[in-house]
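First the structure, in the form of structure tokens, and then the observations on it.
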Amino acid sequence: MKFINYLQSITGISIFPLIALIIFTVFFTAMLIYVFAMDKNTVARISHIPLEDNLPSSSFNDPLL
Amino acid sequence: METQTIYYDNKIVRNFAFATALWGVVGMLVGLYAALQMVWPQLSFDFAPTTFGRLRPLHTNAVIFAFVGNGIFMGVYYSLQRLCKARMWSDLASKVHFWGWQAIIVAAAVTLLAGFTTGKEYAELEWPIDIAITLIWVVFGLNMMMTIVKRKEHVIYVAIWFYIATWITVAMLHIVNSFEYPIALFKSYSYYAGVQDALVQWWYGHNAVAFFLTTPYLGLMYYFLPKAANRPIYSYRLSIIHFWALIFLYIWAGPHHLLYTSLPDWAQSWVVFSIMLIAPSWGGMINGLFTLRGAWDKVKEDPVLKFMVVAVTAYGMATLEGPLLSLKNVNAIAHFTDWIVAHVHVGGLGWNGFLTFGILYWLIPRIFGTQMYSKKLMNAHFWIGTLGILFYAIPLYWAGFTQSLMWKSFTADGIIQYRFLETVTNIVPMYALRALGGLMYLSGALIMVYNIFRTVKTGVLVANEAAHVPVALPREVSGTREHWHRWIEKRPVQMLVASLVIVAIGGIIELVPTFLIQSNVPTIAAVKPYSA
């Protein structure tokens, strides 16, 4: 039995791959655009989160916040 | 900004840290015993519980779920509190999680040695233990999610995304793969049969590697590597791409375990996803190693960083090797040979083991308010461990190729040239070297246990570590526009759902076609399956 036989039993199957393709293309394209458009200061602030946790309260008055 | 003093729970971190060290030694010891039996089979003493067939699942379960499992929880409980600037949501839940997990480990060890098994690799435990795992996993997830919800930091740092994806995916894998008919207290049959069973099992089995040994440890890498190097991760942008691409692709990779089996050819073609996995995996490795750019002088001095560098490098090696092994022509050489055993141990000993050791060395003195007892012993551990990995892996690569070549040798008349036993006795020296490698690695771990023991003696556990955190979540100065990804970075539940959707799509597309087959298991009326 070929794969196609199992797929044919699903109603409206032809639209499934198209929807999947659109979802993932949109998701990953949007993610890449977002990632490269990210504000430099935001990136710097977020990547410093692990380094700040042992500091006293003044660290929360981070100018970038 | 108005701040308040809260206390991080270090006691739970210590408990998991001790547990990972203890079970690590136990798991490695069982592994060494099994390895010695490959050289001296008489070491099984003709006693059922000490035969290879029972020691092997005990070894794999102990190192995966006890050593690495407790390692994950140690790292998560330490980093999550600090990244969220909040104490764990419930001390009781933390305790139930800890003791529940240890009880599961003991139950697993006892039942496996007694010979109870479902026969599914890495899912050998029988149904009552499967249910217990589910319950304890829910306690862990609830505790984690509620801690994230009550956090005092807007952004959920990338390490936490990996924890969330780990939690939801392991839950999904465990529940789907553990569907079984119980027929006695310690006997059940899988709900699936035939090729469906194989596909579900390896969808689970591969992703046990992906979502138990890899994603949580990547989360730990994204927290502890910057901490140990005292510099931020090389590229936060890369970590976002790494996360989404990795969890999307990883879930598809199971069928590469079923090459050259009765799994239909079209289902075997999913291995294309295994090849694509090289990209995000190496993205993660590069991100880890580049974090140390300009700090390599520190690596020379600091054993913690040495362990982490070898761990990340081993991750890179294993994740290049894995996709290559999933190519059918490479797999034709490696399938069923010791190459596979070498491959998983580069990942297990190098990536998981060394990252765990690095984190333990970094974390223990901090929660005990002291310094490591001996840097010399740390370095000794590093070198004996690294050499142990080489002594383990290289002979097995050699053995794997030898096996493959011998199995496929034919005489001029077209008869198989070697009896199977000859292919085994021929590689016994390699097995001896491998056992030596294992012994070296275990010795390193014992040195670490002694070092930690002495360190703990000199310090006092800071059971509740004070931290100043904002009373309310600080108001974020909003930029001109808010990106959609920023939106999800602040919402743990939505992140959990998004992760589930991403992994479920891969899982469903991979599994559903074989489920639509009316009957893939020929039955005989006179035979009643699934009965005792």
Side-chain angles (χ1 to χ4, degrees), chain A, chain B residues 1 3-5 8 79 81-83 85 152-155 157-159 222-227 230-241 244-245 248 264-267 366 465 467-470 474-477 479-480 483-486 489 498 501-502 505 509 512-517:
Chain A
M1 282 277 263
K2 288 261 161 63
F3 186 29
I4 190 91
N5 296 318
Y6 315 127
L7 287 180
Q8 275 167 349
S9 58
I10 306 172
T11 20
I13 182 72
S14 59
I15 198 75
F16 281 34
L18 204 61
I19 293 171
L21 184 68
I22 290 169
I23 291 175
F24 283 100
T25 312
V26 168
F27 181 86
F28 279 96
T29 314
M31 183 193 70
L32 286 175
I33 292 171
Y34 160 73
V35 161
F36 289 105
M38 261 177 112
D39 177 42
K40 246 188 162 171
N41 292 335
T42 313
V43 171
R45 195 189 85 75
I46 296 175
S47 41
H48 275 84
I49 292 176
L51 304 177
E52 287 172 350
D53 50 19
N54 290 338
L55 298 181
S57 53
S58 62
S59 67
F60 297 107
N61 302 324
D62 189 305
L64 294 172
L65 199 71
Chain B
M1 186 180 299
T3 61
Q4 59 177 336
T5 304
Y8 295 140
S79 61
Q81 298 187 80
R82 285 153 180 88
L83 288 171
K85 300 190 166 85
K152 300 285 186 235
E153 166 62 59
H154 268 291
V155 178
Y157 182 68
V158 62
Y222 275 115
Y223 180 81
F224 288 98
L225 187 60
K227 284 301 249 192
N230 198 27
R231 50 185 58 219
I233 192 74
Y234 167 65
S235 167
Y236 191 73
R237 291 187 170 100
L238 184 56
S239 70
I240 297 175
I241 301 173
W244 289 110
F248 172 60
D265 234 26
W266 54 261
R366 276 170 179 78
E465 186 182 328
H468 302 288
V469 304
R475 267 174 65 98
E476 203 178 20
V477 181
T480 44
H483 291 279
W484 65 275
H485 202 275
R486 282 312 291 287
E489 277 168 34
V501 169
I502 293 273
I505 286 178
I509 296 180
V512 162
T514 50
F515 281 76
L516 295 176
I517 303 171

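- Residues A:Y34 and B:I240 approach most closely at CE2-CD1, 3.8 Å, considering heavy atoms.
- If you measure heavy-atom distances from B:A159 to chain A, you find no contacts under 4.5 Å at all.
- Rounding to the nearest 0.5 angstrom, the gap separating the CD1 atom in A:I49 from the NZ atom in B:K85 is 6.5 Å.
- Rounding to the nearest 0.5 Å gives a distance of 10.0 Å between CG of A:L51 and CZ of B:R231.
- Taking a 6.0 Å sphere around OH of B:Y236, one finds it holds more than 12 heavy atoms contributed by other residues, nucleotides or ligands.
- By number of non-hydrogen pairs under 4.5 angstrom with chain A, the leading residue of B:I233, B:T5, B:V158, B:L83 is B:L83.
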- ring-ring contact (aromatic ring centres under 6.0 Å, His included) between A:F27 and B:F248, intermediate numbers included: CA-CA 11 Å; A:F27 181 86; B:F248 172 60; 8.5 Å; no

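- Side-chain contact between B:I241 and A:F36 is present, with heavy atoms from C-beta onward closer than 4.5 Å.
- Annotation for A:R45 and B:E153: closest pair NH2-OE2, 3.1 Å, computed over non-hydrogen atoms.
- The minimum heavy-atom distance between B:P232 and A:S47, with the atom names listed, is CB-O, 3.4 Å.
- Residues A:V35 and B:R237 share a closest heavy-atom pair of O-NE, 2.8 Å.
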